[in-house]
Colleague: 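Take this structure first; my questions come after.
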4 protein chains.
Amino acid sequence: MDSGARRKPSGAAVLRPELTDAIVEITLDELAEKGFGRMSMEAVARRAGVGKSALYRRWPSKQELAVDAMSRLSVPLAEAPDTGSLRGDVRAVLEATLSWLDDPRLGRILTDLVAEARRNETLARALAAAVGEPRRARGEVVLDRAIARGELPAGVDREIALDLFAAPLFWHLGVRLLPVTPEYLDRLTDVLTAALTAGRTGP
Amino acid sequence: MDSGARRKPSGAAVLRPELTDAIVEITLDELAEKGFGRMSMEAVARRAGVGKSALYRRWPSKQELAVDAMSRLSVPLAEAPDTGSLRGDVRAVLEATLSWLDDPRLGRILTDLVAEARRNETLARALAAAVGEPRRARGEVVLDRAIARGELPAGVDREIALDLFAAPLFWHLGVRLLPVTPEYLDRLTDVLTAALTAGRTGP
Amino acid sequence: MDSGARRKPSGAAVLRPELTDAIVEITLDELAEKGFGRMSMEAVARRAGVGKSALYRRWPSKQELAVDAMSRLSVPLAEAPDTGSLRGDVRAVLEATLSWLDDPRLGRILTDLVAEARRNETLARALAAAVGEPRRARGEVVLDRAIARGELPAGVDREIALDLFAAPLFWHLGVRLLPVTPEYLDRLTDVLTAALTAGRTGP
Amino acid sequence: MDSGARRKPSGAAVLRPELTDAIVEITLDELAEKGFGRMSMEAVARRAGVGKSALYRRWPSKQELAVDAMSRLSVPLAEAPDTGSLRGDVRAVLEATLSWLDDPRLGRILTDLVAEARRNETLARALAAAVGEPRRARGEVVLDRAIARGELPAGVDREIALDLFAAPLFWHLGVRLLPVTPEYLDRLTDVLTAALTAGRTGP
DNA sequence: ATGTAAGCGAGACGGTACGTCACGTCTTCAC
DNA sequence: GTGAAGACGTGACGTACCGTCTCGCTTACAT
């Protein structure tokens, strides 16, 4: 069973990974600055000091480069610290989401990404996997802890709760383009905590 | 100094309004289908059966045509009926918002619009005025009625309340690209009503 | 009878002929300098101060531009003067051919053209029509006059005679790349005249 | 003095000559088929089943490979047989020249070569040495024999004579792209023999 | 009623970017 | 150290639109 790995007969040239990284990085800058439609492969190549072929050897089109670059905007989402209370945890989740949406580069790209995703199934999936999932997982932890503490009933509506952790901030910052102040965050924390717990003492 | 206005002595020749409308309509179709970046002036002119000059005589650039067309996506938001209860009114607002976001053409364009607005102050303002304001005004009516009924305190946090009327639906439909079912709407209505009223009986 | 001519609805934009001429002229320069293979559309456009589209609107490819340009290298072959003798006429024909082949631009292009013609039927025909025919017609005049004078028999081998008017000069100048001196021309005139008249006093 | 070749003491690793030959052979095919300008190093390497390095280790550029390959189209010109008469010898020379120019591959390449030589001194020299010289040498033999036989004067114009052995055939076949029939060859033999001998009985 | 300025469809214009291909150089690995 | 593989920067290919422009024709006021 010596074979298998012996497919490639000889010294294959390999795409230089540091070049790939540099291109991705510059692509993200261009995307943030110009948006998808006005980003240009030629500009990326020029700024990266590489030929266009280095780009097209890695990605078959501008679209695929952009999607790949965006999907690498990994969400280095810090762990959700246990603050001891639902209210504290909600506030922490909101702050984490805010610091992510507030990043000047990521924020700009994300809205482009969302727009593009409507016409690109692949991108939509990549977006959900790379961006949505980790963030939602973190929200789940908060809900689980609150249930364990007895602050929330086990049957809390998770889908809506998780939507509410992200939606208002995205809407305020990304759609209405208004700043999110700490004070806004306080009020939002209050309302969301109330919303989640409201049902608890219900009828 | 008799001149000035007396330059144009005769034959008016005025931009034909039905042409303007037809171009706008086709622009919206192209925008919905291709997105802002891939929409092309040549295609719009071709589909409208007009010359490119008819476009550029009306709008100085592709961007301005697109922005203008989008801003005409008027929000034929039906009046908010008084359902007799906060809960009913919230449900009605959500349904109106949903029917607006769910429009296949408007939905697609709106996300493009949001992305573009980050890099275009004019568009951002047009977006806020044409889309945000009417919708928010309608939300205000609901809050006012609830206060009048005594269902909400006069000092209810209007900014957050109005954000919450739109944010979750936009997030769910436009960002997460998931369908909004009537059942989801029920649950969302419950949670939002609870959130708004939660403070009422507070300490 | 208002219709009929009313097919073309309005003022069609037309390729500007002076631009076409300028492009052709610069193409010929590039062809002479670089040869077909190294001539570049971008360089032609740049030197002509036009966009590439101006080229591609007129010719579907580099090859067709080059062929068209070359076929316009019209042969402004002066009339063959009647020098009063076959020898004088032969000398005049050789001189005309020489002045044509010796043109620095035409000479370089002609060999490219000949090479290209082997793989391009269209070019081969254009070459024969634009270049070969007029030159041969002029040779025929010389033969006709010599027959009229009684210097040549009516049955002189025209095909070979006409080949011999051009072949040695093309070979010497174009293939062997040697200069053609007046003295060489004298000797060639002698030999060709002798060759043509040799048969006259036959058996 | 066995050394010299014995420089490389160990793991010899010498350019494999059979590879060189194979590459040259394929280069000639590509040249004949596509012409110099459209021949591609990548295609040669691909068809030869070798890497591009095998090419560039042997020749510094496409041009030099092409020139080298063409110069190896050695002229396997059979010895000029002594037919016993000038006329017979001229006919033999013409036939040899024809069989050389008529070779489908060589004929195509030769015209490319001639065109390229105008812009490449090295190629021009290689062409003269590899192609012109042997052919001319053979022509000289014919002239020498005719002088020895007394058919030509010692002072016959060799330069013109040698030009006339090749020029008409190249012109007819290579430039005018017409077939050379045996009958044409007969007539050409007659005229050339007459041209050479015409001066003999002079004054 | 007519003159005339503007609107109109068409499309050429100089550009920029697309995605492809080949150049000649270089590096890597296998033999 | 030859050789196959192929990545690298470069630059031309031919295409598609951009926004500008000019061209004749049509239309609808203002006289």
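In the text below, chain A, chain B and the rest are named by the order of the sequence lines, each starting its count at 1.
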Colleague: May I ask you to say whether R46(C) pairs ionically with E30(C), meaning some side-chain N is under 4.0 Å from a carboxylate O?
Modeller: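 Here R46(C) does not pair with E30(C) in a salt bridge, since their nearest N and O are not under 4.0 Å apart.
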Colleague: Go through it in stages, so that I can follow the logic: the residues are R58(B) and L19(B), the test is side chain to side chain contact (heavy atoms under 4.5 Å, CB included), and I'd like the CA-CA distance, side-chain angles, deciding distance and then a yes or no.
Modeller: CA-CA 10 Å; R58(B) 289 169 170 79; L19(B) 217 48; 3.6 Å; yes
Colleague: Check the distance between dC8(F)'s P and I23(A)'s CD1 and give it to me in whole angstrom.
Modeller: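 Going from CD1 in I23(A) over to P in dC8(F) covers 7 Å.
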Colleague: Select base, sugar-phosphate, or nothing to describe what R16(A) touches, counting heavy atoms under 4.0 Å on all strands.
Modeller: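 Sugar-phosphate, no base atom in range.
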Colleague: The criterion is side chain to side chain donor-acceptor pair (under 3.5 Å); which residues satisfy it with D68(B), sequence neighbours excluded?
Modeller: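 Partners of D68(B) under the side chain to side chain donor-acceptor pair (under 3.5 Å) test: W59(B), R72(B).
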Colleague: Indicate the atoms forming the closest heavy-atom contact of R119(A) with E33(B), along with that distance.
Modeller: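 Result for this residue pair: NE-O, 3.4 Å.
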Colleague: Roughly, in whole Å, what's the span from CG in L19(A) to C1' in dT27(E)?
Modeller: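 Result: 14 Å.
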Colleague: Reading DNA chain E from 5' onward, which residue's closest nucleotide shows up sooner: S40(A) or Q63(D)?
Modeller: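 The residue closer to the strand's 5' end, by nearest nucleotide, is S40(A).
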Colleague: If I take atom CZ in residue F36(A) and atom C1' in nucleotide dC18(E), what distance separates them, rounded to the nearest angstrom?
Modeller: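 After rounding, the gap between these two atoms is 12 Å.
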Colleague: Taking only side-chain N and O atoms of R58(B), does any of them lie within less than 4.0 angstrom of OP1 or OP2 on dA6(E)?
Modeller: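 Indeed not, no polar side-chain atom of R58(B) lies that close.
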Colleague: Only one of K34(A), R105(A), R108(A) clears salt bridge (Lys or Arg N to Asp or Glu O under 4.0 Å) with D29(A); which?
Modeller: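 Passing option: R105(A).
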Colleague: Roughly how many Å is it from CH2 in W59(B) to C1' in dT20(F), rounded to a whole number?
Modeller: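 After rounding, the reported distance stands at 18 Å.
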Colleague: Of all the choices, dA12(F), dA22(E), dA4(F), which nucleotide is nearest to the side chain of R46(C) once you look at every atom?
Modeller: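 Of dA12(F), dA22(E), dA4(F), dA12(F) is nearest to the side chain of R46(C).
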Colleague: Reckon R38(D) touches a base, only the sugar-phosphate, or nothing at all at heavy-atom distances under 4.0 Å?
Modeller: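 Touches nothing.
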Colleague: Regarding dG11(E), can its base be found pairing with the side chain of R57(C) as donor and acceptor, where the two atoms are less than 3.5 Å apart?
Modeller: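 Between dG11(E) and R57(C), which were checked side chain against base, a qualifying N/O pair under 3.5 Å is absent.
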Colleague: Minimum heavy-atom separation for D112(C) to L31(C), with atom names?
Modeller: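 So the minimum-distance heavy-atom pair works out to OD2-O, 4.0 Å.
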Colleague: For a quick check of understanding: with a heavy-atom distance under 4.0 Å over all strands, which category does K62(D) fall into, base, sugar-phosphate or nothing?
Modeller: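 Sugar-phosphate, no base atom in range.
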Colleague: Quick one: which of dC8(E), dT2(F), dC8(F) gets closest to the side chain of L15(A)?
Modeller: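 The answer is dC8(F).
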Colleague: For E30(B) and dC17(F), what is the distance between atoms CD and P respectively, to the nearest whole Å?
Modeller: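 Going from E30(B) (CD) to dC17(F) (P), I get 10 Å.
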Colleague: Between C1' on dT16(E) and NZ on K34(A), what's the gap in Å once rounded to a whole number?
Modeller: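 So the two atoms are 12 Å apart, to the nearest Å.
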Colleague: For G49(D) and for M41(B), find the nucleotide of DNA chain F with the closest heavy atom, then tell me which residue's nucleotide is more 5'.
Modeller: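 Counting from the 5' end, the first nearest nucleotide belongs to G49(D).
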Colleague: Side chain of Y56(D) only, heavy atoms from C-beta on: which candidate in dG9(E), dC8(F), dT25(E) is closest?
Modeller: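 The nucleotide sitting nearest to the side chain is dT25(E).
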Colleague: By nearest heavy atom, map K52(D) and K52(C) onto DNA chain F; which one lands nearer the 5' end?
Modeller: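 That would be K52(D).
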Colleague: From the set dA4(F), dG7(E), dA17(E), return the single nucleotide nearest to any side-chain atom of E42(A).
Modeller: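 Closest nucleotide to the E42(A) side chain: dA17(E).
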Colleague: Once you apply a heavy-atom cut-off of 4.0 Å, does S53(A) come out as touching a base, just sugar-phosphate, or nothing?
Modeller: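 The answer is base, as S53(A) lies within the cut-off (heavy atoms under 4.0 Å) of a base atom.
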Colleague: Distance check needed: dA17(E) P versus L55(A) CG, whole Å only.
Modeller: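 Whole-Å distance recorded here is 14 Å.
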Colleague: For DNA chain E, whose closest nucleotide is more 5', that of A43(A) or that of P17(C)?
Modeller: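 Its nearest nucleotide lies further toward 5', so the answer is P17(C).
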